[in-house]
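Here the structure is laid out as structure tokens; the discussion comes afterwards.
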Protein chains: 2
Amino acid sequence: MTPERPASLSKSGRGPSMHDVAARAGVSHQTVSRVLNDFPGIRPETRERVLQAIRDLGYRRNMAARALATGRSEVIGVIMPEVPHFGPTSTLYAIEHAAKRVGFKPLITTASWEPSSMGQALDFLLARSVDALVVMAQHPDVLNAVEATTDVPVLYVLTGNSHAERSVAVDQVAGTRLALEHLYDLGHRRFQHITGIAGLTEAQLRRDTFLAFLEERGLERLPILEGDWSADAGYRAGLAVEEGVTALFCANDPMAMGAIHALEERGLTVPEDVSVVGFDDVPESGYAHPALTTVHQDFTEVGLRAVTALMEVINGREPGELEPVEPWLVVRDSTGPAPA
Amino acid sequence: MTPERPASLSKSGRGPSMHDVAARAGVSHQTVSRVLNDFPGIRPETRERVLQAIRDLGYRRNMAARALATGRSEVIGVIMPEVPHFGPTSTLYAIEHAAKRVGFKPLITTASWEPSSMGQALDFLLARSVDALVVMAQHPDVLNAVEATTDVPVLYVLTGNSHAERSVAVDQVAGTRLALEHLYDLGHRRFQHITGIAGLTEAQLRRDTFLAFLEERGLERLPILEGDWSADAGYRAGLAVEEGVTALFCANDPMAMGAIHALEERGLTVPEDVSVVGFDDVPESGYAHPALTTVHQDFTEVGLRAVTALMEVINGREPGELEPVEPWLVVRDSTGPAPA
DNA sequence: CCCCCTCATGTTGACGATAACATCGGGGCG
DNA sequence: CGCCCCGATGTTATCGTCAACATGAGGGGG
């Protein structure tokens, strides 16, 4: 029952091959291949003999050889940003889980959005004959860097919607509006915004939407506070929030936490003096002090849709329309009515 | 200069091969191989001609073929827990960065510690002929599941030290003692502990060390509060902290944040009434309320040592002694002198 | 009763690279 | 002047699998 350590193999070192299995089962290697690939028309008895030989020998398929013969590898290449932020990381896990269910695994590589870095990452993954590519396109330039290099199906993720043809993302505009409308409805009229890393698509979309919202409602446009996603930056920005501001929209939760820390150091209370909204709904945000009102992004859904769409393309079908994933607002204690 | 779309290749679909390059450069495919692999004794002029042909054709090596011929893939298999906690995730990024510098990429798969799950993950990775394996061994049973299945070098990570022969980890015992001694030195004598997920090595080590510490100092042993790493669980445990406890040691930062939230709801203040220490030093912990005293774990170093050691083994050298990575204590505002 | 067809299986040739061995001009040396 | 060796390159076999075609034993219909 337990795989015996194969005493002698056809060749040294490399573990048993189909030939070894075939010899042991008294069939041809092609029959072994057919059993392995679930071809119809194998006599049940033969199949059983082959499976037994496989078990006896502890045989494992050599996917390199298979990839060479078929041109497919059952691996999805994933290009990620180099810094472990919440969004990309969550999406990665989601992709892994979704891919696992269809027998694929992600091969990971990180890259900045510079063409040379992206180029290297692409070369590496394509050389491994990945069947598909997920590119976390934090920056619009990425799209140019990838385009037309290959005919492997490519899907962009985290583009914040509407940036590329083939892309899956949480609708950033909708999420930002949820946050801002919530604040507006509470009576707030003086807003400031702490941004994510300048230039990154999602940061840019949240910022643009923020400005558009001010415009639409005829609200005063105070200076934008530049952040970089980190709680540190949020803290520094929090120190720079203007007097009289009652509504602070932060581009992510860690910055919101940093900002709140700074505001309280300045003697302001949240939400009595200033209401703060974050973005992402990280697991801790419900236990921040005060519990954070924030925009929830369903990265699990993003990963799932990405993998589903790629499987469609791999199998030659046209993927359905790629809808943006809808975010929702989680109202907690960091927002309240505007002070009188 | 720019790679032209190859108009006609030797065969359809698959992109140019060494033969195509060789033909274009007017040499044999073996010479191309030698150029690609930096063999000595190629006339500079020939080398240049080959490189030019490669550029012209946009040639990319087929690693599947190379893996088949050489038995090596330049891929490291990584088995991770299924849930995206801070430690494993940080380590993954660290591994990716370290691996990239030596030309390797991680192939990721998640698994629980059940033998069947681990077995599947192993089969998958080994079938891809990974050159080495990093196993995040959150649970002691993992070690049995992996052992002796293969002769691929295996390194265990996050074992909390001393659990396996080949393992890299942050010294959990030392970290726990740093936290507890800090509290003790502040005058605290009534301790409670919120654990991580029961059974996981790191949670177990922190818990065991906590109990050992109480014993050594002759302190009263109050009930252990069972957690699961989540802020939620920390909150629930925080509600259950006994009256009169002044020192709360939490097995990670999110639980510490949850617990503080609960304590404050109960009208207790941190650190005046209760001092709280976390574990991990997640980037937000400096901006929690109050800023969290916590044990810093250097996962970057863990990843680096893991990859370095694996490269040694892959290249046939014996890796040096694997020292545990030393954690350090970051003292912030959530701890203070014991109340009188 | 023979032919043809089908099911179950075997045989041969890619796939794209590396490795081991073969070749082919020179140049140094006896 | 011929031999040997070496540096530069070409030729052939091999890795483990899949795909396409070949084979061969039965079974049904004319």
Side-chain angles (χ1 to χ4, degrees), chain A residues 6 9-51 53-54 57-75 126-129 131, chain B residues 6 9-51 53-54 57-75 126-129 131:
Chain A
L9 304 170
S10 58
K11 287 287 170 181
S12 70
R14 320 248 276 195
S17 75
M18 274 194 180
H19 284 94
D20 301 299
V21 174
R24 172 144 190 148
V27 298
S28 80
H29 66 110
Q30 182 59 358
T31 300
V32 178
S33 171
R34 284 194 263 255
V35 169
L36 247 28
N37 292 308
D38 276 327
F39 271 60
I42 307 278
R43 219 184 320 162
E45 177 213 320
T46 309
R47 165 188 307 275
E48 194 41 58
R49 210 141 31 89
V50 169
L51 290 175
I54 288 178
L57 261 38
Y59 166 78
R60 238 184 306 254
R61 226 197 197 127
N62 181 329
M63 295 305 278
R66 182 187 165 92
L68 181 57
T70 61
R72 341 178 82 220
S73 60
E74 299 185 351
V75 167
L126 293 176
R128 258 91 188 149
S129 43
D131 294 337
Chain B
L9 303 170
S10 59
K11 288 286 171 181
S12 71
R14 320 247 279 193
S17 76
M18 273 196 179
H19 283 94
D20 301 299
V21 174
R24 172 148 190 144
V27 299
S28 79
H29 66 111
Q30 181 60 355
T31 300
V32 177
S33 172
R34 284 192 265 254
V35 168
L36 247 29
N37 292 308
D38 276 326
F39 272 60
I42 306 278
R43 218 182 322 159
E45 177 213 319
T46 310
R47 166 187 306 275
E48 194 41 56
R49 209 142 31 89
V50 169
L51 291 175
I54 288 178
L57 261 40
Y59 167 78
R60 237 185 306 254
R61 228 201 198 113
N62 181 329
M63 295 305 278
R66 182 186 164 94
L68 182 57
T70 61
R72 336 180 84 220
S73 61
E74 299 185 352
V75 167
L126 293 175
R128 259 93 191 148
S129 44
D131 294 337

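Here is how names work: the chains are called A, B, and so on, in the same order as the sequence lines, proteins then strands, and each is numbered from 1.
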Subject >> For atom CZ of B:R47 and atom C1' of D:dG7, their distance in whole Å >> reply: 14 Å
**OP:** Hey, which sits more toward the 5' end of DNA chain D by its nearest nucleotide, B:V27 or A:N62?
**Re:** B:V27
Original post:
Where each residue is assigned the nucleotide of DNA chain C containing its nearest heavy atom, which of A:H29 and A:R49 is assigned the position nearer the 5′ end?
Top reply: A:R49
Original post:
What is the distance, rounded to the nearest whole Å, between atom CZ of B:F39 and atom C1' of C:dA17?
Top reply: 12 Å
Original post:
Which part of the nucleic acid, if any, lies within contact of A:I42, taking any heavy atom under 4.0 Å across all strands shown: a base, the sugar-phosphate backbone alone, or nothing?
Top reply: sugar-phosphate
Original post:
To the nearest Å, how far apart are B:M18 CE and C:dA14 P?
Top reply: 20 Å
Original post:
Can you find a heavy atom in the side chain of A:Y59 that is under 4.5 Å from one in the side chain of A:L51?
Top reply: no
**OP:** State whether the side chain of B:D131 and the backbone N or O of B:R72 hold a donor-acceptor pair below 3.5 Å, judged by distance alone.
**Re:** no
Subject >> Interatomic distance where CG belongs to B:L57 and P belongs to C:dG16 [whole Å] >> reply: 13 Å
Side chains of residues 40-48 of chain A: which donor-acceptor pairs under 3.5 Å do they make with residues two or more places apart or in other chains?
from, atom 1, to, atom 2, distance (Å)
A:E48, OE2, A:R55, NH2, 3.0

Original post:
If you look at every strand shown and take non-hydrogen atoms under 4.0 Å, does A:R34 touch a base, only sugar-phosphate, or nothing?
Top reply: base
**OP:** Would you indicate which nucleotide in D:dT9, D:dG10, C:dT9 comes nearest to any side-chain atom of B:R43?
**Re:** D:dT9
Subject >> Candidate nucleotides C:dT11, C:dA8, D:dG16, ranked by approach to the side chain of A:S17 - the nearest >> reply: D:dG16
**OP:** Find the distance A:M63:CE to D:dT17:C1' and express it as a whole number of Å.
**Re:** 10 Å
**OP:** Name the closest nucleotide to the B:S28 side chain, picking from C:dT9, D:dA19, D:dT11.
**Re:** D:dT11
Original post:
Of all heavy-atom pairs between B:A127 and A:R60, which one has the smallest distance, and what is that distance?
Top reply: N-CD, 4.0 Å
Subject >> Contact under 4.0 Å: A:S33 side-chain N or O vs D:dC18 OP1/OP2 >> reply: yes
Original post:
Where along residues 64-72 of chain A does a heavy atom come under 4.0 Å from DNA chain C, residue by residue in number order?
Top reply: A:L68, A:A69
**OP:** Kindly compute the distance separating CZ (A:R24) from CZ (A:R49), expressed to the nearest 0.5 Å.
**Re:** 12.5 Å
**OP:** Examine distances only and state if a side-chain atom of A:S73 and a backbone atom of A:S129 form a donor-acceptor pair shorter than 3.5 Å.
**Re:** yes
**OP:** Report yes if a side-chain nitrogen or oxygen of B:T31 is closer than 4.0 Å to either non-bridging phosphate oxygen (OP1 or OP2) of D:dG10; otherwise report no.
**Re:** yes
Original post:
In terms of the nearest nucleotide of DNA chain C, which residue is placed more toward the 5' end: A:Q30 or B:L36?
Top reply: A:Q30
Subject >> Protein-nucleotide distance (B:N37, atom CG; C:dG16, atom P), rounded to Å >> reply: 17 Å
For residues 26-33 of chain B, dump all side-chain donor-acceptor pairs below 3.5 Å to protein atoms at least two apart in sequence or in another chain.
from, atom 1, to, atom 2, distance (Å)
B:S28, OG, B:Q30, N, 3.4
B:S28, OG, B:T31, N, 3.4
B:S28, OG, B:T31, OG1, 3.4
B:S33, OG, B:N37, ND2, 3.4

